[in-house]
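These notes concern the structure reproduced below.
Computed from a predicted model, the values in this text were never measured in an experiment. Sequence lines set the chain letters: A, B, ... in the order given, protein chains first and strands last, and positions in each chain run from 1. When reading the values below, keep in mind they use all heavy atoms of this one structure, side chains included, and skip hydrogens, waters and symmetry mates.
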Amino acid sequence: MGAGEGVRRVLPARPLDRDGARPDRRPDRDPRERGDPPVRLHPGPRLRRRDPRRVHQRLHDPAPRGRDPDRYPGGRRAARAGGPGGGRGGGDRGPRQPRGGPVTTVRTRFAPAPSGAIHVGNARTALYSWLTARHHGGAFVLRIEDTDASRVSEEAVHLVMDSLRWLGLDWDEGPDVGGPHAPYRQSERLDIYREHASRLLSEGRAYRCYCTPEELEQRRREALAAGRTPGYDGRCRTLTEAERAAFEAEGRPAALRFAMPERGFVVHDLLKGEVRFAPGSLPDFVIMRSDGSPTYLLAAGVDDLLMGMTHIIRGEDLLASTPRQLALMEALGATTFPTYAHHPLIVGPDRQPLSKRHGATSVEAFRERGFLPEAMVNYLAILGWSYGDRDLFTLSELVELFDISRVSRNPAMFDVQKLEWMNAHYIQQLDDDELAARCLHALTAAGLLPEPSLVRRAMPLVRERMKVLTDAAPLLRFLFTDDVEPDERAATVLTGAPEGYLEAAAAALERVEPWTAANIAAALDVLAQGAGLSRTKGWQPVRAAVTGSTVSPPLPESLELLGRERTVARLRAAVARAR
RNA sequence: GGUCCCAUCGUCUAGUGGCCUAGGACACCACCCUCUCAAGGUGGAGACACGGGUUCGAAUCCCGUUGGGACUACCA
């Protein structure tokens, strides 16, 4: 495993040189063909279990690849056997810097582009970042990536913050709370990006590109049609003074393009291991649009650097852009780089990455459907991360146990059924007061006028019948409205009841004293027996008449809550309706 | 097309060369319990994509095939 020791180092340092330029399909793939020491191509399990606190490696340092015998005392089995405290993967003897550098506290960020409500995939990314920060006692920052003004809205920013807060993910620095690197909204940092961009320009690390989007698109299509690689060909990189002057005279708007170094890059990813990018596979990219606004690549790169992020946890759709950011940071003078972890995306039932097409996938939508934040967080954590055979974790347990390097490398399918099961589990954990409080909104949203004390008393009847909070509404509807017109099934039950049965029921219940579930049950039994009916057959007509449904919480308890008067009234109303 | 990532029950996963006759959870099926619906209990069915190699031994390491996915924007 010697050569693999460098996996956590994020340096784009190691040039792939001529090897990487080989035209064959797997440049640089077979270490045996080269003079180099063998390179671990697939991260061994141990490699993925590093203590993420050891960050910020220097760029071109050959790196001491020595072993760290103390890193994983006993390996994971031993760590696990040690219980919660021992589950941290071993490296708990404090942050260590390879060369005695300053101790770096972990800093992670969540950087959404607020183009709408945050969806569960992003929420999971936020959770992983947050957990990584909290696990290591570091800082979590919220940064708003709104450099594309056309796509963001103020409302969306608040929606994002609301969802995060609801999930219980707080941030130490952000647009609302400020912090040492404020502002945290990229639209308010435009000067910073401009400044860095012009520095890159003056240092020759970036150049003006006069190609118009139309021309670019045209060439792209041609390249594709001809079977060539469609990336930018770098033509404006080598413009002569005369050509440049001509374009300027023409009044062509110029974008700023970053000049990628002519070499390969290797991204050391906590989940993927060493990911190599050969020279030539990384075209020059735009960092400033012709309108003077920064692109994501510039803004994110500059901010991650300036804000001192140590760990960048994000979806693997961004993996391919990482070498660009590394190159950019390097050009900006960075000597230390963040550690990256690119996790797989969440997919929908069709195996396609989860998106709006899959219906309501926003955190807000799940909240509205009556999911508990406890369940949401637990499920999201489990979706792609595991800790032995356990799958129930509270947020604080997650903080204790979470390890980003143990996140799965497979895309996970979002399984609402499991989420529902988990939600039901957390509903069971709540006491009646708490459950009632949380149900109120769902009841109101269903058009009912819930009376809080009655809701509270009804909780024991419905809690184990609910998967989501909104399940309470149909179950408890009969308590909060007198409009209990029987549905189709209930109507069938009512017409099937013996002649005079409901009148008898009304009369019998009227005499129950005191009005308790036990007494009600006894009366109902007498009633059914008198008519020669089983409990099942005998109670259903009463249920249908009183609740308007064939499904309800336990009948006697339901009637107790409803009260004698309303119960009897509904039975008589049903009789009247039948005539 | 090019670059990159990925591959264990239907789903999420455990697995780190012998503890594997592959474990758990959700879902599913059957039975029990039962006033409806649930919940609960008991039991059951269900997977290492394929082909080579390395090894005494492979789910595990290597190569390939196949199949998914990402990126390839003056979007993030």
Side-chain angles (χ1 to χ4, degrees), chain A residues 30 41-42 44-46 75-77 111-113 115 145-148 150-151 209 211-213 216-217 220 223-232 253 255-257 267 269 271-272 275-278 280-283 285-291 293 295-297 299-300 315-321 342 344-345 347 349 351-353 379 382-392 408-415 417-422 424 428 462-467 471 475 493 521 524-525 528 534-540 542-544 547 549-556:
Chain A
D30 189 348
L41 299 177
H42 296 278
R46 316 191 76 200
R76 182 149 47 91
R77 282 166 198 269
S115 54
E145 309 233 320
D146 52 356
T147 54
D148 183 1
S150 65
R151 291 183 29 169
C209 173
C211 302
T212 65
L216 259 15
E217 178 55 29
R220 215 179 87 86
L224 240 24
R228 283 179 288 121
T229 304
Y232 183 68
L256 220 53
R257 232 174 241 281
V267 175
D269 190 281
L271 299 181
K272 312 282 187 191
V275 183
R276 292 164 180 282
F277 294 85
S281 64
L282 302 164
F285 56 94
V286 170
I287 55 177
M288 277 284 220
R289 302 186 185 98
S290 50
D291 68 1
S293 65
T295 61
Y296 162 77
L297 262 349
E316 70 181 357
D317 50 335
L318 262 6
L319 178 57
S321 77
H342 290 92
L345 273 14
V347 298
R351 282 277 159 203
Q352 294 297 113
Y379 179 69
I382 286 310
L383 190 66
W385 172 83
S386 62
Y387 186 79
D389 279 346
R390 275 182 73 178
D391 46 19
L392 258 13
S408 167
R409 292 179 295 184
N410 300 109
M413 187 182 291
F414 196 87
D415 181 1
Q417 286 190 310
K418 184 148 186 175
L419 207 212
E420 286 176 340
W421 163 79
M422 203 169 262
Q428 305 310 324
V462 294
R463 64 154 12 102
E464 66 196 22
R465 275 163 252 268
M466 288 193 282
K467 287 208 274 271
D471 285 343
L475 252 18
V493 167
L524 288 173
D525 278 340
S534 64
R535 230 185 208 194
T536 303
K537 290 283 184 194
W539 289 21
Q540 277 302 75
V542 178
R543 188 193 311 277
T547 68
S549 170
T550 53
V551 176
S552 84
L555 228 212

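Rounded to whole Å, the separation between the C1' atoms of A7(B) and U13(B) comes to 14 Å. For the C1' atoms, the distance linking A47(B) with G53(B) amounts to 24 Å, nearest Å. The separation of A22(B) from U60(B), taken at their P atoms, amounts to 16 Å, rounded to a whole angstrom. Rounded to the nearest Å, the gap between the P atom of G23(B) and that of C48(B) is 13 Å. Distance check on atom C1': G46(B) versus A30(B) gives 15 Å, rounded to whole Å. Here the separation of A38(B) from U21(B), taken at their C1' atoms, is 37 Å to the nearest Å. Going from the P atom of C12(B) to that of A49(B) covers 14 Å, rounded to whole Å. Remark: the separation of the C1' atoms in U66(B) and G51(B) is 10 Å, to the nearest Å.
Contacts of P411(A) with the nucleic acid, taken as non-hydrogen atoms under 4.0 Å apart, involve only primed sugar atoms and P, OP1 or OP2. Within 4.0 Å (heavy atoms only), P353(A) reaches sugar-phosphate atoms of the nucleic acid but no base atom. At a threshold of 4.0 angstrom between heavy atoms, the contacts of E420(A) with the nucleic acid are absent. At a threshold of 4.0 angstrom between heavy atoms, the contacts of L256(A) with the nucleic acid are absent. Nucleic acid contact class of P553(A) (heavy atoms, under 4.0 Å, all strands): base. When heavy atoms are screened at a 4.0 angstrom cut-off, G384(A) is found touching the sugar-phosphate backbone but no base atom. Counting non-hydrogen atoms under 4.0 angstrom, C211(A) reaches a base of the nucleic acid. Looking at heavy-atom distances under 4.0 Å, T536(A) makes contact with sugar-phosphate atoms alone, never a base. Looking at heavy-atom distances under 4.0 Å, R257(A) makes contact with sugar-phosphate atoms alone, never a base.
Between E316(A) and K272(A) there is a salt bridge, since a side-chain N of the basic residue sits under 4.0 Å from a carboxylate O of the acidic one.
Mapping L475(A) and I382(A) onto RNA chain B via the closest heavy atom, the residue that lands nearer the 5' end is I382(A). Checking P554(A) against T295(A), the closest nucleotide of RNA chain B that is more toward the 5' end is the one next to P554(A).
For D389(A) and C9(B), the CG to P distance is 17 Å, given to the nearest whole Å. For the pair M413(A) CE and G69(B) P, the interatomic distance rounds to 11 Å; values are reported in whole Å. Rounded to an integer number of Å, the gap from R465(A) CZ to A38(B) C1' is 5 Å. The CG atom of L319(A) sits 14 Å away from the P atom of A70(B) (whole-angstrom rounding). Summarising the geometry, the separation between CG on D391(A) and C1' on U13(B) is reported as 9 Å, rounded to the nearest angstrom. In this entry the distance linking CG of L318(A) with P of C4(B) reads 18 Å, nearest Å. Atom NZ of K272(A) and atom P of G69(B) are 15 Å apart (whole Å). Nucleotide A7(B) holds its P atom 10 Å from the CD atom of E316(A), rounded to whole Å.
At least one side-chain nitrogen or oxygen of R220(A) sits closer than 4.0 Å to the OP1 or OP2 atom of A73(B). Checking the phosphate oxygens (OP1, OP2) of C35(B), no side-chain nitrogen or oxygen of W539(A) falls inside 4.0 Å. Side-chain N/O atoms of R535(A) include one lying less than 4.0 angstrom from OP1 or OP2 on C35(B). Taking only side-chain nitrogens and oxygens, Q417(A) never comes nearer than 4.0 Å to OP1 or OP2 of U11(B). Look at S281(A) and you won't find any side-chain N or O under 4.0 angstrom from OP1 or OP2 of G2(B). Between N410(A) and the phosphate of A7(B), there is a side-chain N or O to OP1/OP2 separation shorter than 4.0 Å. Applying the 4.0 Å criterion to OP1 and OP2 of U13(B), one finds that S408(A) has a side-chain N or O inside that range. Side-chain N/O atoms of T147(A) include one lying less than 4.0 angstrom from OP1 or OP2 on A76(B). When the side-chain nitrogen and oxygen atoms of R463(A) are compared with OP1 and OP2 of A38(B), none of them lie within a distance under 4.0 Å.
In terms of heavy-atom proximity, P283(A) sits nearest to G231(A) at CG-CA, 3.9 Å. Smallest separation of non-hydrogen atoms from Y296(A) and T147(A): N-OG1, 4.4 Å. Nearest heavy-atom pair, L475(A) versus D471(A), reported as atom, atom and distance to 0.1 Å: CD2-O, 3.6 Å. Closest non-hydrogen pair, P230(A) versus A223(A), comes out as CA-CB, 3.9 Å. Shown here for H342(A) and G315(A), the closest heavy-atom pair between the two residues is CD2-O, 3.4 Å. Taking both residues in full, the closest heavy atoms of Q428(A) and E464(A) are given as NE2-CA, 3.4 Å, listed atom of the first, atom of the second, then distance.
Under the 6.0 Å distance and 45° angle rule, R257(A) counts as a cation-pi partner of Y232(A).
Across all strands shown, C20(B) remains unpaired; no Watson-Crick or G-U wobble contact has both distances below 3.5 Å. For C33(B), there is no paired nucleotide, since no Watson-Crick or G-U wobble pair has both relevant distances below 3.5 Å. If you check A47(B) for Watson-Crick or wobble pairing at under 3.5 angstrom, you find it has no partner at all. The partner of G67(B) is C6(B), judged by Watson-Crick or G-U wobble contacts that both fall below 3.5 Å. The partner of G1(B), taking Watson-Crick or G-U wobble pairs whose two distances both stay under 3.5 Å, is U72(B).
With hydrogens and angles ignored, a donor-acceptor pair under 3.5 angstrom links the side chain of K418(A) to the base of A25(B). With hydrogens and angles left out, the side chain of R409(A) and the base of C6(B) share no donor-acceptor pair within 3.5 Å. Between the base of C37(B) and the side chain of S552(A) there is no donor-acceptor pair shorter than 3.5 Å. A donor-acceptor contact under 3.5 angstrom links the side-chain atoms of R543(A) to the base of C35(B).
Looking only at distances, no side-chain donor or acceptor of S386(A) sits under 3.5 Å from a matching main-chain atom of G388(A).
Closest to the side chain of R351(A), from the set A76(B), C74(B), C12(B), is C12(B). Checking G68(B), G1(B), C71(B) against every side-chain atom of P230(A), the shortest atom distance belongs to G1(B). Of the candidates G10(B), C74(B), C71(B), the closest approach to any side-chain atom of A255(A) belongs to C74(B). Among the nucleotides C4(B), A27(B), U13(B), the one closest to the side chain of W421(A) is A27(B).
Of the candidates V551(A), L524(A), V493(A), L555(A), L555(A) is the only one forming a side chain to side chain contact (heavy atoms under 4.5 Å, CB included) with R543(A).
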